[in-house]
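I have placed the structure first, in the form of structure tokens, so that the comments after it can refer back to it.
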Amino acid sequence: MTKKLISLTGLLCLALTAVAQTLSVNTPRTTLLLSAPQGEKAKIIYYGARLSGTDLDMAARVETAQDAYPAYGMNCPVEAALAVQHSDGNCSLDLVVEQSAQREEADCVVTTIALKDKVYPLQVSLIYKAWKDADVIEAWSEITHQEKKAVRLQQFASAYLPVRRGEVWVSHLSGSWANEGNLTQEPLNPGMLVIKNKDGVRNSHTDHAEIMLSLDGKPQENSGRTIGAALCYGGNYKLRIETHDDEYHHLFAGINEENSAYLLAKGETFVTPALALTYSSEGLSGSSRNFHRWARQHKLANGTKLRKILLNSWEGVYFDINQEGMEQMMADIASMGGELFVMDDGWFGDKYPRKNDHSSLGDWVVDQRKLPLGIQGLIDAADRNRIKFGIWIEPEMANTTSELFEKHPDWVIKAPGRDLVLGRGGTQVVLDLSNPDVQDFIFNLVDELMTKYPAIDYIKWDANMSVMNHGSQYLPADKQSHLYIAYHRGFEQVCQRIRAKYPELTIQACASGGGRANYGILPYFDEFWVSDNTDALQRVYMQWGTSYFFPAIAMASHISAAPNHQTSRVVPIKYRIDVAMSGRLGMEIQPKNMTEQEKELCRKAIAQYKQIRPIVQQGDIYRLLSPYDKQGAASLMYVTPEKDRAVFYWWKTEQFVNQHLSRIPMAGLNPEKLYRVTELNSIDTKPLPFEGLSFSGAYLMANGLELPYYHNVRQHYDYASRVLLLEEVK
Ligand code: DGJ
């Protein structure tokens, strides 16, 4: 939030354009048209495909404009973006345009409309940041005032967008632990759709703070006008879509104001998180491609650098960490071609050794009984195996059974005058990140690890608890309602300090699995753990949904054991590999329990993933057949921006004999180009009929290829899957 802070005073110092009636906010292929006549309401005239020349003028003349930031008080029955109580008790606002400005920066153009209340000294800046190389506009608001006493902010959306009614459908994600990223697609009907989270710490186990709107009826992946909206916030959020008796659906998105009323002091500026908007006429996949490109270029930490292939110790040994075991896992992943080993939970605690989840969070010292050679011993072992080393921490948490809690019981989130509500292991508590001492403690934890062991290449940053009891032992009584917001400001400050000092360090956001897949935290994290559920079949669904908003490079996807530890399902290794290879490939398994044949397949897959890694991690996604359509299979592909290489994935999702499955036309290729097809991870005894042959992009996009439903090896009768590499023949 603070990163984008442009103070209102700063704004007034800008070279302002003459107060323009209409402001056109453009990305390469989209336009948001605003009107900002001085002394009148700011309005949104249009959002969609890029307009120029006459079309711009005509749109400004004929389109029905909507208030750009509806404020509560002078039209009470409709939903509002902003609702305040002034210091004298008045609950109304009447905002009009004071001035507007457009400022060009290296890679974006920032449009600001300054609004002021007609009566009270309260100002709101509406900011629209349009990226020059990505079809994304970020919109947010900044609120300040000069009233005598604090103003109480009761609703404070980042932005509002009107969407013309018609057959508009919304796609959004929901879920829970081990079942994240479930896709729901439904028509927008009269009434209010509310998508929200109140966890306090993690925000994507439940609903997600991102949606897509398909404007032309039932959502299509590769056709139709689509608007995407993603709130860039790591904390509690609320997205509202109200449909009442007019011609528009009204979308509001911002911090969830429930139990979070904010007392804004005189002269203070409240900066809301950005709402990232995109528009595509190429369907849902088109909007995803826009989000993904923007994420890699501008949002995700190190978004343009390829990720390493890793083995994580969690499902292999859980808390049973020791030097010998870690060394064995390192040697195994190195022998399969992996590049990084990550030691998960269980390595720390002195007075209270971390044997299970009942103790030790906060005591970030090596348990010498388990690891007599310390972290350096592990780094040395990684060096010997010519791989990198990474480590797990859960910095925002403590256990009541820990030296940290004994020393600083006042550092934990707790309702004043009440008993603690405890989480995981019956002893977990959340540290109060509104407290600067806690912020320093967390920063120092990472800083000390990295200073002592600069060879650490990767940190898995976990977070396994919600705010269970509302209360800060740091915030004063009149600011207890700031808890959630202050927590995330504190979190962001710590992240900013870490990133300023360690920009190259790879950091994974894990939160009991996929609890932190959001654009608020991604500037500080290189990737997120999609789910604790590593079952390949269920991952097809979860990764499909998650790919709507997040690029493959950010989606950690690991090959794990069979039977799967979460579902007990036995899925063949080939299928597990083929699913994991569609994201950021890794392993989450005890290699010493794998057969030689399984290891050999993984070795081959890792070598092949290295070839396709740039296509998967930097390419454009085209989703082809949705698992949610229940047609027995799912399919997607990634294509390089040059359209010279592509990877096609196909996974059967149902296993019935004599089923008839659709043939899948490909997408995103150059119709004129010729592509040679090679199957990856092949296990069949005979090559596919089209192996090594070349087809035009036009043919592949019109017809696809006939895929056998089964592998011709007996144990793989079920769970057929295919990965095809397409390379341009020059
Ligand atoms: C929850 C994470 O999601 C898991 O991957 C693992 O790191 C455990 N925590 C460790 O306690």
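Note that ligands are numbered from 1 as they come in the structure, with each ligand's atoms numbered from 1 the same way. These numbers come from a predicted model, not from an experiment.
Cation-pi contact between Arg539 and Trp529: present, with separation from the ring centre below 6.0 Å and deviation from the ring axis of at most 45°.
A salt bridge between Asp350 and Arg369 is present, with a side-chain N of the basic residue lying under 4.0 Å from a carboxylate O of the acidic one. Salt bridge present: Glu600 and Arg603 bring a charged side-chain N and a carboxylate O closer than 4.0 Å.
Of all atoms in ligand 1, numbered sequentially from 1 with element shown, those under 4.0 Å from a heavy atom of Asp345 are 10 (C), 11 (O). Atoms of ligand 1 found under 4.0 Å from any heavy atom of Gly513 (numbered from 1 in listed order, with element): 3 (O). Using a 4.0 Å cut-off to heavy atoms of Cys510, the atoms of ligand 1 that qualify are 2 (C), 3 (O). Near Asp344, the atoms of ligand 1 lying under 4.0 angstrom from a non-hydrogen atom of the residue are 6 (C), 7 (O), 10 (C). The contact set between ligand 1 and Lys460, taken as ligand atoms under 4.0 Å from a residue heavy atom, comprises 4 (C), 5 (O), 6 (C), 7 (O). The distance from ligand 1 to the heavy atoms of Arg424 drops below 4.0 Å at these ligand atoms: 9 (N), 11 (O).
Of the N or O atoms in Glu588, none lie within a sub-3.5 Å distance of an N or O in ligand 1.
Under the 6.0 Å cut-off for aromatic ring centres, Phe549 and His208 do not qualify, their centroids lying 6.0 Å or more apart. The distance between the ring centers of Trp347 and Phe319 does not fall below 6.0 angstrom.
Shortest contact from atom 4 (C) of ligand 1 to any protein heavy atom: Asp532 OD1, 3.4 Å.
Partner of Thr534 under the side chain to side chain donor-acceptor pair (under 3.5 Å) criterion, out of Arg576, Glu315, His565: Glu315 alone.
Taking NZ of Lys198 as the start and NZ of Lys238 as the end, the distance is 8.0 Å to the nearest 0.5 Å. Taking CD from Glu339 and CG from Asp457, the interatomic distance works out to 10.0 Å, rounded to the nearest 0.5 Å.
Contacts of Ala511 with ligand 1, taken as heavy-atom pairs under 4.0 Å, are absent altogether. When heavy-atom distances to ligand 1 are checked against a 4.0 Å cut-off, Glu394 has no atom that comes that close, whether in backbone or side chain. Within the 4.0 Å heavy-atom criterion, the part of Asn464 lying near ligand 1 is the side chain and not the backbone. Using a 4.0 Å cut-off between heavy atoms, Glu315 makes no contact with ligand 1 at all.
The heavy atom nearest to atom 9 (N) of ligand 1, considering only Thr534, Asn533, Leu361, Asp462, is found in Asp462.
Taking 4.5 Å as the limit, every side-chain heavy atom of Glu180 sits out of range of all side-chain heavy atoms of Ser204.
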